[in-house]
2 protein chains.
Amino acid sequence: MEEKTLKRDLVFQGRIFDVAVDQVSFPNGGQSSRELIFHKGAVAILAVTPDQKIIMVKQYRKAIEKVSYEIPAGKLELGETGSEKEAALRELEEETAYTGQLDLLYEFYTAIGFCNEKIKLYLARDLTKVENPRPQDEDEFIEVLELSYEDCMTLVETGQIEDAKTIIALQYYALHLANA
Amino acid sequence: MEEKTLKRDLVFQGRIFDVAVDQVSFPNGGQSSRELIFHKGAVAILAVTPDQKIIMVKQYRKAIEKVSYEIPAGKLELGETGSEKEAALRELEEETAYTGQLDLLYEFYTAIGFCNEKIKLYLARDLTKVENPRPQDEDEFIEVLELSYEDCMTLVETGQIEDAKTIIALQYYALHLANA
């Protein structure tokens, strides 16, 4: 099934991702082109408070020109491979001022048809507030909320939660943590 | 929270997606740039056979240079907005030679931080084989499998299912269809 790369044109190099167009050949001899996004990967955190509230972050998302409710998440910086858990703790602290015990739940590609972005999704429990948390990124403007699972599902039903990683986290909560 | 677009540079126009870099201003007066992917959207189908098997498609994914197991899915073609259900039926037939009754389960953005790709996820039931199904796309080489939920979860555990839309579909199955 493998597609061999005959030629790669790097058409964009950015801070967040690179874009390439590969000319590929198939096992049957056919050829086609593949438009590809290369991304460094990200972490996301399903953070559950001792009173069973889920921490959600409200922010403007330029790609969709809308405000979105999501679980806390952040891009991996260069060289963070192998220490994704530290990256997740950093993002949790920066975005929510919480720290906690982290366990890996899932790793998944977000848009596997054209993009190699992989998200590692962690569960954070035993949350405690950090006294002097790291500051948020300069270009991030977020509001942090602690919502019940039922409130989150209302946001799903009204279309205010339309984010794949957040839906995965909420379904995980319903499957494994609700009534626990 | 809104970010105003001061300037947009379209840096790539492809068959699958376009890439832009926006210069944006924040409500506090600050500025930054946003790297953005514009995609026409896609449909995906959780197709469940009468004997409770889940239809999975095995294919090579160039973006990750690996073989991947996923639920059937396909890009929307230009002008298909408003008829996503027909697009989902077309993809189901092309990839699996099945047709069925479709219900919308979720819509979600796959990579909301930088990409506007939205997937509409449908549940397909009452599946029947199409006698002369539409042919597969010329540049798609796929193998179709009918797997139990337990077999799918083994593929998740061994890292052969690492696709966000497929994980959402499997979680949905576990929450709403298992033992139904």
Side-chain angles (χ1 to χ4, degrees), chain A residues 1-3 5 11-12 14-17 19 21-22 24 26-28 30 32-39 42 58-65 67-68 70 73 75 106-119 138-139 141 143 156 159 162-165 167-168 171-172 174-175, chain B residues 1-3 5 11-12 14-17 19 21-22 24 26-28 30 32-39 42 58-65 67-68 70 73 75 106-119 138-139 141 143 156 159 162-165 167-168 171-172 174-175:
Chain A
M1 284 189 158
E2 192 181 334
E3 299 178 3
T5 308
V11 297
F12 174 71
R15 281 182 307 125
I16 311 299
F17 55 77
V19 182
V21 179
D22 280 10
V24 302
F26 306 126
N28 73 356
S32 190
S33 66
R34 299 289 185 213
E35 298 168 11
L36 305 169
I37 311 284
F38 298 113
H39 185 283
K58 183 180 174 185
Q59 67 193 304
Y60 189 79
R61 287 301 201 176
K62 191 69 180 69
I64 61 167
E65 305 282 4
V67 169
S68 166
E70 300 165 36
K75 295 178 293 293
Y106 289 115
E107 342 187 8
F108 48 83
Y109 293 103
T110 53
I112 201 165
F114 58 93
C115 177
N116 75 344
E117 186 198 26
K118 193 180 213 181
I119 290 184
E138 270 183 18
D139 63 349
F141 299 88
E143 189 179 325
V156 172
E162 294 185 298
D163 167 50
K165 66 179 177 295
I167 290 173
I168 289 176
Q171 291 196 135
Y172 182 90
L175 279 168
Chain B
M1 282 188 159
E2 192 181 333
E3 299 178 1
T5 309
V11 296
F12 174 72
R15 282 181 308 123
I16 312 300
F17 55 76
V19 182
V21 179
D22 281 9
V24 301
F26 306 126
N28 73 355
S32 189
S33 66
R34 299 289 185 214
E35 298 168 12
L36 305 169
I37 310 284
F38 298 113
H39 185 283
K58 183 180 174 185
Q59 66 194 305
Y60 189 79
R61 288 302 202 175
K62 191 70 179 68
I64 61 168
E65 304 281 6
V67 169
S68 165
E70 300 165 35
K75 294 178 291 292
Y106 286 118
E107 344 187 6
F108 49 83
Y109 294 102
T110 53
I112 202 166
F114 58 93
C115 178
N116 75 343
E117 186 197 27
K118 193 180 210 178
I119 290 184
E138 271 183 17
D139 62 350
F141 299 88
E143 188 180 326
V156 172
E162 293 186 299
D163 168 49
K165 67 178 176 298
I167 291 173
I168 289 175
Q171 289 178 319
Y172 183 91
L175 278 169

Any idea which heavy atoms bring [X] and [Y] closest together, and the distance?
| X | Y | answer |
| --- | --- | --- |
| A:Ala63 | B:Phe38 | O-CE2, 4.0 Å |
| A:Lys58 | B:Met1 | O-CE, 3.3 Å |
| B:Ser68 | A:Ile112 | OG-CD1, 3.4 Å |
| B:Ile64 | A:Cys115 | CG2-O, 4.5 Å |

Please state whether the side chain, the backbone, both or neither of [X] comes within less than 4.5 Å of a heavy atom of chain B.
| X | answer |
| --- | --- |
| A:Lys165 | side chain |
| A:Asp163 | both |
| A:Tyr106 | side chain |
| A:Glu2 | both |
| A:Phe17 | both |
| A:Glu143 | both |

Spacing of [X] atom [atom1] and [Y] atom [atom2] [to the nearest 0.5 Å]:
| X | Y | atom1 | atom2 | result |
| --- | --- | --- | --- | --- |
| A:Glu65 | B:Asp22 | CD | CG | 7.0 Å |
| A:Asn28 | B:Phe141 | CG | CZ | 4.0 Å |
| A:Tyr172 | B:Ile167 | OH | CD1 | 12.5 Å |

Among [options], single out the residue with the greatest number of heavy-atom pairs under 4.5 Å to chain A.
| options | answer |
| --- | --- |
| B:Val11, B:Val19, B:Leu175 | B:Leu175 |
| B:Leu36, B:Asn116, B:Ile168 | B:Ile168 |
| B:Val67, B:Ile37, B:Val21, B:Val156 | B:Ile37 |
| B:Pro27, B:Gly113, B:Gly30 | B:Gly113 |

Any side-chain heavy atom of [X] within less than 4.5 Å of one from [Y]?
| X | Y | result |
| --- | --- | --- |
| B:Glu35 | A:Phe12 | yes |
| A:Ile16 | B:Arg34 | no |
| B:Tyr109 | A:Arg61 | no |
| A:Arg15 | B:Ser33 | yes |

Task: chain B contacts, top residue of A:Lys62, A:Glu117, A:Glu107, A:Gln171 (heavy-atom pairs, under 4.5 Å) - done: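 The answer is A:Gln171.
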